[in-house]
Amino acid sequence: MTNFEVRAYDAAGRLGDLEVPRAGVTVQTPTILPVVNPHVQTVDPSALESEFGAEILITNSYILHGSEDLREPALERGLHDLLDFSGAIMTDSGSFQLAEYGDIDVTTEEILRFQYDIGSDIGTPVDIPTPPDVERERAESELATTQDRLGRAAEVDTGEMLVSAPVQGSTYPDLRERAARDATSTGLDVFPLGAVVPLMNEYRYADLADVVAACKRGLGETGPVHLFGAGHPMMFAMAAALGCDLFDSAAYALYARDDRYLTVRGTELLDDLEQFPCQCPICTDHTPAELRSMADETREDLLARHNLHVTYGEIRTVRQAIRSGNLMELVDSRARGHPTMLDGYRALLSHAEQLERTDPVSKDAFFYTSAESARRPEVLRHHERLDRFDLDADSVLLTEGGSNDRYDETWGVVPPFGPYPRDLAETYPLTAEVPDRTDRAAYEAAADGVARLVGLHPDVEFTLVHDDWPATALETVPDGVRLRDLHARD
Ligand SMILES: [Zn+2]
């Protein structure tokens, strides 16, 4: 795959360049594709470009295909002229309509050719969006149909237009993984993870994390990954940390229509707000009361613009976090917005091993900001690499205090990482900032590290000098290890 280049990683999150040859543009990722309804434009595509910096948007080719007034103009003038947008334009097929209404009347070949004819830059075949929790048999048979269509899509001559290969498989991790592997083998260009909207609508962020992680196992590092239908800024950081590069949002417009106000911590109702908790131009220039007194159309327009400011603001925040190497701290902080987001974050951490593979070995700082930090990829990596250190000694002191000549060797110990050779004390991630009043999880993770080291060296005599570790952590330390409290008197 040559059209997508990763410039930097943090966890599985990536800063990338997506080259869209037909549009002649390179799109920076992660990014959001605002959904533009060809019939009703809440915010003009030209304004999306000039005011919000949109480099790419998505519109529905199936609606255009079936529209009496727009089909011909789209074919004659092309999408970029019709929508007045010079960036990249991705088109969806009728798959969403298929999921909603159960029937559509175009084939993959027809709709791809139509997308090509109207000047789309990234086209989409008609896949079958299998909802969560269906019987396995149904998920498998619909997946077979989707795979067949991807195969046919790869045969259609689409010139410079990129073509996406949606990944289905319902909530079955093994099907998702296999579907993802098959999708990459088609040689198509962009990988949307399909039918995840029901999970997001039901706040099932833990299930979403498992689905994304399964898809990523199959996709590897090939091509940009599009979380189809993900438009709420509160989950961008989490999805990015799992390796999603593209999001799309109709939320900015749909929510505005219902007087709903997006924030990075969730959604507020305009009626409930006395102050706007936001610094965007809309919220700086107006009060909630003013907005409520406005005509419907004006209010909807202003709310949609606020929603877009928050959405693009969070995309920039995520990008900078990847660049700075503190994406996991951002995920941690966003996870506090809603208990289901925290659940999603905890599910993400159960895939720490997967995230570790692309996580940079060295970053500026590790901030221990919650008990969940003890499960981050860096801690796991430290434990897994304990076997790389030589330990040629009969007696070893593991201590949070100073060294002692009575032992052949002295290692440091630090929560949440556990034991480490002392000459590594000033290296990442052992330089982590951990609060003085830290939590049990940090000690328990350190004790896991001790257990791992002891397991690697069954013949060595270990003594652990700890600074008041809780019993739950000390229970994990193997029986043969002598324990002393740092401040206990001999
Ligand atoms: Zn605002």
Side-chain angles (χ1 to χ4, degrees), residues 28-37 40-58 85 87 200-201 203 205 227 229-240 246-322 324 326-327 329-338 340-341:
Q28 279 186 67
T29 67
T31 198
I32 176 94
L33 293 72
V35 176
V36 171
N37 181 328
V40 200
Q41 288 164 18
T42 315
V43 177
D44 292 340
S46 64
L48 290 173
E49 195 165 6
S50 61
E51 289 173 37
F52 299 94
E55 294 182 315
I56 183 169
L57 58 76
I58 183 166
F85 186 76
M200 295 186 282
N201 286 346
Y203 283 63
Y205 293 108
L227 195 61
H232 201 301
M234 75 174 175
M235 42 92 55
F236 291 168
M238 182 183 122
L246 302 170
F247 307 100
D248 63 89
S249 175
Y252 73 96
L254 297 177
Y255 282 45
R257 207 162 299 159
D258 300 338
D259 285 341
R260 286 185 290 167
Y261 178 96
L262 295 179
T263 83
V264 294
R265 295 173 54 83
T267 310
E268 302 283 352
L269 295 174
L270 179 62
D271 278 348
D272 295 338
L273 292 176
E274 201 176 310
Q275 306 280 313
F276 282 134
C278 170
Q279 300 80 37
C280 86
I282 309 301
C283 298
T284 311
D285 293 349
H286 303 88
T287 65
E290 279 169 29
L291 245 66
R292 282 192 287 270
S293 71
M294 287 173 175
D296 288 356
E297 209 168 292
T298 319
R299 186 175 67 245
E300 185 182 324
D301 175 69
L302 291 175
L303 278 175
R305 283 167 193 272
H306 154 79
N307 288 345
L308 282 166
H309 279 296
V310 174
T311 299
Y312 278 101
E314 183 66 356
I315 289 291
R316 291 192 296 272
T317 303
V318 167
R319 285 185 195 161
Q320 182 59 41
I322 297 173
S324 305
N326 55 28
L327 180 60
E329 279 91 343
L330 181 66
V331 178
D332 194 302
S333 121
R334 294 299 182 244
R336 311 294 140 178
H338 196 280
T340 58
M341 285 296 301

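If you read the sequence from its start, that first residue is 1, and numbering goes on from there. Counting convention: from 1, in listed order, for ligands and their atoms alike.
Of all protein N/O/S atoms, those under 2.8 Å from the Zn ion (ligand 1) are Cys278 SG, Cys280 SG, Cys283 SG, His306 ND1, and waters are not counted.
Among all heavy-atom pairs drawn from Leu57 and Pro45, the shortest one is CD2-CB, 3.9 Å.
Using a 4.5 Å heavy-atom threshold, the side chains of Phe247 and Thr29 count as separate.
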Met235 and Leu227: CA distance, side-chain angles, deciding distance, side chain to side chain contact (heavy atoms under 4.5 Å, CB included) verdict:
CA-CA 11 Å; Met235 42 92 55; Leu227 195 61; 3.7 Å; yes
With a 3.5 Å cut-off and sequence neighbours excluded, list the donor-acceptor pairs that the side chains of residues 278-286 form with protein atoms.
unit_1 : atom_1 : unit_2 : atom_2 : d
Thr284 : OG1    : Gln279 : O      : 3.2
Thr284 : OG1    : Cys280 : O      : 2.7
His286 : ND1    : Ile282 : O      : 3.0

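Checking Arg319, Arg334, His309, His232 one by one against Glu314, the side chain to side chain donor-acceptor pair (under 3.5 Å) holds for a single residue, Arg334.
To the nearest 0.5 Å, atom CZ of residue Phe85 and atom CG of residue Asp44 are 12.0 Å apart.
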